[in-house]
Amino acid sequence: MKQSLMFVPTMRDMPKDAEIVSHKILLKGGYIKQHAAGVYSYLPLAYKIIKKIENIVREELDKIGCSELLMPALQSKDLWVESGRWEAYGKELMRLKDRHDRDFCLGPTHEEVITAIVRDSITSYKKLPVALYQIQTKFRDEFRPRFGLMRGREFIMKDLYTFSTSTEDLDIWYNKVRQAYINIMDRLGLHYRIVNAASGQIGGKSSEEFMVLCDIGEDTIVYSDTGTFASNTELCQLEEGAPSPDGIGIIKHAKGIEAGHIFKLGTKYSEPMNLTFIDEDNKKKPVIMGCYGIGISRLLMAVLEQHNNDLKVLWPDSVAPFKIHIIPMDKVNTAGYEIATTLYSQLISKGYEVLFDDRSESPGVKFNDADLIGCKYQIIVGKKAVEGIVELRNKANNEILEIEIEKIQKYSF
RNA sequence: CGGGAAAUAGCUCAGCUUGGUAGAGCGCUUGGUUUGGGACCAAGAUGUCGCAGGUUCGAAUCCUGUUUUCCCGACCA
């Protein structure tokens, strides 16, 4: 009997619109579907990964004392006028009117809303500091969306805001979040570099970017070979081979994807928006803010860009959509298929995430799709299944092992 | 927003120069043969040729406008 276990609409032909490898894989492998320029549906496979990335982010932020909330994507003009960004943000801000002809925008970021929330509920130093974050769909009407999820007009972002009574406390939070970001990037299996950056629209004094290193990155970074200096070229342009400004090492260049950006905002929003608190000395002071972003959907692409080899994918354990991919060679309603089905149920009941290829496709089709899906373990249920033997492939080390079904039930994946 | 390319079946594309019944491969449906790296045979279904005007007896094809998508640039957490 046909089981509908997963909707993974893979393609045979290469989608014409994709230029970079990770984008090709996402389309060909049935991960995402384009809706408009820079707007995509996350199909089940991609959404499973997105949720895992989100949860890693949640764990690391909750651990340092942040609280998750969810703010509206649809925002009225008023707060944006208060902050001065209704004018300053320009055409990148998605603007619309409601039926009463009132102005709204779709949030590209949430400094205004969060500032208003905190402003109305916190007036005393006794209630600070506060750290609030959300994971939400953001909207930016980019001049030129491109490379699939790399630069979308609608994308998933984690944005965190901290509210402190002093710059010293902001520094403490900044460093805690910085470390949380390091943990997140490490858990995602990424090669990255932290660089000094310009703070652009968001504002504030200093900021650092977490750049995932890869050739298709839109940013160029300069760094010293000793690792003691790194900057985005938008801030600091140095020739390759030049001495590093810190006097240690030689300058090198690399391309990177901006996956995270952390800012010390200071009072950029609290002053115009009148976010103040009463301090111990009974004086009214502006709250000192920080803000910290991670591009969740962009990270999906960044991880993929670093974890594929010639259209063959191997997701890191931390975000893999499934741990085990069972591929029966026999068609539905055969002995081998029934054995595979039973094995699937057993592994599921043991708590493993298992994908079962329930299609009556030829082996080549199944193997090619499996390469795109990128599970670490593949269990091939073939001719020897009736003798109690299946093949276990470990894609991480390319080990192929003929193993008894009884042993696989007890195998520690 | 400047420059370039493109839009025809679910996907990849041909047809357009020189106007005359809408095509191929893959995918899909049915039957059969296959089955360890994108199998084979047979039969079938699938289209507002992006949209709107214009020229013409007749437009996927020529003309005008428009929308959309991709690439390069500028811009940008």
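Computation of the quantities below employed the complete heavy-atom set of this structure, encompassing side-chain atoms and omitting hydrogens, waters and symmetry-equivalent molecules. Letters A, B, ... mirror the listed sequences (proteins, then strands); counts begin at 1.
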Complementary nucleotide for B:rG2 - Watson-Crick or wobble, under 3.5 Å:
B:rC72

Tell me if the aromatic rings of A:Tyr125 and A:Phe277 count as close, with their centers under 6.0 Å from one another.
no

Proximity of A:Tyr411 and A:Phe413 rings by center, below 6.0 Å
yes

So what does A:Ile380 touch, heavy atoms closer than 4.0 Å: a base, only the sugar-phosphate, or nothing?
base

Minimum-distance nucleotide to A:Pro363 side chain [options: B:rC76, B:rG37, B:rU34]:
B:rG37

Rounded to whole angstroms, how far apart are CZ on A:Arg12 and C1' on B:rA24?
17 Å

Assign A:Asp330 to base, sugar-phosphate, or nothing according to its heavy-atom contacts below 4.0 angstrom with the strands shown.
nothing

Taking atom C1' in both B:rG31 and B:rC49, compute the distance separating them and give it to the nearest angstrom.
33 Å

N/O (side chain, A:Lys91) to phosphate O (OP1/OP2, B:rC1) under 4.0 Å
yes

Is any N or O donor-acceptor pair between the side chain of A:Asp13 and the base of B:rG25 shorter than 3.5 Å?
yes

Applying a 4.0 Å non-hydrogen cut-off, can you work out what A:Lys28 is touching in the nucleic acid: base, sugar-phosphate, or nothing?
base

Residue pair A:Ala37/A:Ala259 against RNA chain B: nearer the 5' end by closest nucleotide is A:Ala37

Determine the contact category for A:Asp17: base if any of its heavy atoms lies under 4.0 Å from a base atom, sugar-phosphate if only primed atoms, P, OP1 or OP2 are that close, otherwise nothing.
sugar-phosphate

Taking CZ from A:Arg144 and C1' from B:rU68, how many angstroms apart are they, rounded to a whole number?
16 Å

Using the P atom as the reference point in each nucleotide, state the distance between B:rA14 and B:rA24 in Å, no decimals.
16 Å

Can you classify the ring geometry of A:Tyr174 versus A:Tyr292 as parallel (below 30°), tilted (30 to 60°) or perpendicular (above 60°)?
tilted

Please report the distance, rounded to the nearest Å, between CG in A:Leu43 and C1' in B:rG10.
14 Å

Do A:Arg393's NZ or CZ and the ring of A:Phe367 fall within the cation-pi criteria of under 6.0 Å and 45°?
yes

G-U wobble or Watson-Crick pairing nucleotide for B:rU12 (cut-off 3.5 Å, both distances)
B:rA24

What contact category does A:Lys138 fall into here, base, sugar-phosphate, or nothing, at under 4.0 angstrom with non-hydrogen atoms?
nothing

If you measure from the P atom in B:rG23 to the same atom in B:rG15, how many Å do you get, rounded?
16 Å

Using whole Å, what does the distance between atom C1' of nucleotide B:rG37 and atom NZ of A:Lys395 come to?
10 Å

Please check: side-chain N/O of A:Ser207 versus main-chain N/O of A:Ala197, any donor-acceptor pairing under 3.5 Å?
yes

Take atom CG of A:Asp369 and atom C1' of B:rG37, then tell me their distance rounded to the nearest Å.
11 Å

Does the base of B:rG37 carry an N or O that pairs as donor and acceptor with the side chain of A:Arg393 under 3.5 Å?
yes

With sugar-phosphate meaning primed atoms plus P, OP1 and OP2, does A:Met157 contact a base, only sugar-phosphate, or nothing at under 4.0 Å between heavy atoms?
base

For B:rU66, the nucleotide meeting Watson-Crick or G-U wobble distances (both under 3.5 Å) is B:rG50

Donor-acceptor pair under 3.5 Å, A:Lys383 side chain vs B:rU35 base:
no

In whole Å, what is the span from the CD1 atom of A:Ile400 to the P atom of B:rG37?
12 Å

Considering every strand and a 4.0 Å limit on heavy-atom distances, what is the contact class for A:Glu218: base, sugar-phosphate, or nothing?
nothing

Give the rounded distance in Å between these two atoms: CZ of A:Arg151 and P of B:rU69.
17 Å

Provide, to the nearest angstrom, the distance between the CD atom belonging to A:Glu361 and the C1' atom belonging to B:rC26.
12 Å

When you measure from the centre of the six-membered ring of A:Phe322, is the NZ or CZ of A:Lys48 closer than 6.0 Å and no more than 45° off the axis?
yes

Consider the side chain of A:Glu391, meaning its heavy atoms from C-beta on, and name the nucleotide among B:rU12, B:rG36, B:rC75 that approaches it most closely.
B:rG36

Does the structure show a Watson-Crick or G-U wobble partner for B:rG19, both distances under 3.5 Å? Name it, or say none.
none

Under 4.0 Å, heavy atoms only, any strand: does A:Glu19 hit a base, just the sugar-phosphate, or nothing?
sugar-phosphate

With rounding to whole Å, what would you report as the distance between B:rC1 and B:rU66 at their P atoms?
12 Å

Using the C1' atom as the reference point in each nucleotide, state the distance between B:rC62 and B:rU55 in Å, no decimals.
8 Å

If I pick the P atom on B:rG44 and the same atom on B:rA52, what distance separates them, to the nearest angstrom?
33 Å

With sugar-phosphate meaning primed atoms plus P, OP1 and OP2, does A:Arg298 contact a base, only sugar-phosphate, or nothing at under 4.0 Å between heavy atoms?
nothing

Indicate the ring-plane relationship of A:Tyr42 and A:Tyr47, choosing parallel, tilted or perpendicular according to the 30° and 60° boundaries.
parallel

Base, sugar-phosphate, or nothing: which does A:Ala18 touch, judged by heavy atoms less than 4.0 Å apart?
nothing

Closer to the 5' end of RNA chain B via nearest nucleotide, is it A:Phe367 or A:Ile294?
A:Phe367

Categorize A:Phe155 for me: base, sugar-phosphate, or nothing, with a 4.0 angstrom heavy-atom threshold over every strand shown.
base

Face-on cation placement of A:Arg298 at A:Phe155 ring, 6.0 Å and 45° thresholds
no

Under 4.0 Å: is that the gap between some side-chain N or O of A:Ser362 and OP1 or OP2 of B:rA39?
yes

What's the gap between B:rC76 and B:rG38 when it is taken at their P atoms, as a whole Å value?
49 Å

Distance under 6.0 Å and angle within 45° of the ring axis: does A:Arg95 meet both against A:Trp80?
no

When the P atoms of B:rC11 and B:rG47 are considered, how many whole Å apart are they?
14 Å

Taking the minimum atom-to-atom distance to the side chain of A:Met329, which one of B:rC75, B:rG36, B:rG38 wins?
B:rG36

